[in-house]
Amino acid sequence: MLPDLEAFSIFAVMEKVAFIINPFSAKKNYQPFLDELEKKVENPLYYISESIPATDDFIRANFDHIDIFVAIGGDGTISTVARNLINTDKILAIFPAGSGNGFSNETKFSKNLDELLEKIKTRASRKIDTFTVNDRLSINVSGTGFDGKVVKEFEKTNRGFKNYIKVSLKTFFNYRPIKVKFFDEAYQQYNGKYLMLNIANTRQFGNNAYIAPKASKSDGLVDMVLVKKFPLTYSALFAFRMFTKRLKDDEYVTYLPVSEISFKVTTKNWHLDGEFNKIKSPIHVKVLPASLNILI
């Protein structure tokens, strides 16, 4: 009798779960995930996203009877799903299928469906911070300057880590620094020219590149990372420190932990969780403490 009760319990849990698939993630090869899901879950509720507005519509249509929304994709997909769940009791879960998977790495989601289904069965969750850039949600790392330009050019390629490195190197040698001007007098000492400016809610961009090794997603703060354009002789050290979690304040890198900050910047090119956006100055960044419920 116990196995029947257990099966009923699992079925009851899965009835409250929706899977949202970005068909353009993972080199457009989502079918193996879907095949495995249908073998392990009876009649799963899933949606293959046609667009961001369509994803929003799907979530709204199922919001009242679904407890856990699973995003299958990269950081941009996760952020799209997450923005519909902010400041609610709904739970976000993740199956990583992006090119960098920074947020899923930082929240300990793997490409193992059995592990994910076990987490879903327990339904354990916790609240983490998110933040906004001019009212646009970000859950991981967003930025402007050099990396905003890189993301813009990267989206013209087939993605993948190798293409990201190629685009980064090509962009670095030609990129002219941005100018940043803070409104708050306490930060005006940091006015100046920078290669890039990042806002980090977690530690990494993705692919284990740790731009803010001390960032925490549950402290009510983001790390603003200001990076001056550095000489070629420093680039190897910068890369080594970034991939070994050792980046720190020095003559080229400055960390400012903030809960809210406003500034002007001489570019409109931003990336929000790895997705290219155009955002006009002035810029207002604000942390939303304990605003997203995530499966653990």
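Just so you know, these numbers use all the heavy atoms, side chains as well, and skip hydrogens, waters and symmetry mates. Along the sequence shown, residues are numbered consecutively beginning with 1.
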Name each donor-acceptor pair under 3.5 Å that joins a side chain in residues 238-247 to protein atoms two or more places apart or in another chain, with its distance.
unit_1: Arg241; atom_1: NH1; unit_2: Asp250; atom_2: OD2; d: 3.0
unit_1: Thr244; atom_1: OG1; unit_2: Phe240; atom_2: O; d: 2.6

For Tyr252 and Phe230, take the angle between the two ring planes, folded into 0 to 90°, and tell me which bin it lands in: parallel under 30, tilted 30 to 60, perpendicular over 60. perpendicular
Just to verify, what does Thr132 make a side chain to side chain donor-acceptor pair (under 3.5 Å) with, not counting sequence neighbours? none
Taking all non-hydrogen atoms of both residues into account, name the closest pair between Leu137 and Ala82 and its distance. CD2-C, 4.1 Å
Please tabulate, one pair per line, all N/O donor-acceptor pairs under 3.5 Å involving side-chain atoms of residues 63-70, not counting sequence neighbours.
unit_1: His65; atom_1: NE2; unit_2: Asn62; atom_2: OD1; d: 3.1
unit_1: Asp67; atom_1: OD2; unit_2: Arg123; atom_2: NH1; d: 3.4
unit_1: Asp67; atom_1: OD2; unit_2: Arg123; atom_2: NH2; d: 3.4

Sorted by chain and number, sequence neighbours left out, salt bridge (Lys or Arg N to Asp or Glu O under 4.0 Å) with Glu251 holds for none
Which residues pass the side chain to side chain contact (heavy atoms under 4.5 Å, CB included) test with Leu34, not counting sequence neighbours? Ile21, Tyr30, Gln31, Leu37, Glu38, Tyr46, Ile48
For this output row, return yes or no: ring centroids of Phe33 and Phe95 closer than 6.0 angstrom. yes
Not counting sequence neighbours, which residues clear side chain to side chain contact (heavy atoms under 4.5 Å, CB included) with Thr254? List them please. Tyr190, Leu226, Asp249, Leu256
Salt-bridge criterion met for Lys121 and Glu118 (N-O under 4.0 Å): yes
Could you go through Lys40 and Asp114, starting from their C-alpha distance and side-chain angles, then the distance that decides it, and tell me whether this counts as salt bridge (charged side-chain N to carboxylate O under 4.0 Å, His left out)? CA-CA 9 Å; Lys40 295 179 176 179; Asp114 289 329; 2.8 Å; yes
Which pair of heavy atoms, one from Tyr187 and one from Pro257, lies closest together, and at what distance? OH-O, 4.4 Å
Is there a donor-acceptor pair closer than 3.5 Å between any side-chain N or O of Asp129 and the backbone N or O of Asp219? yes
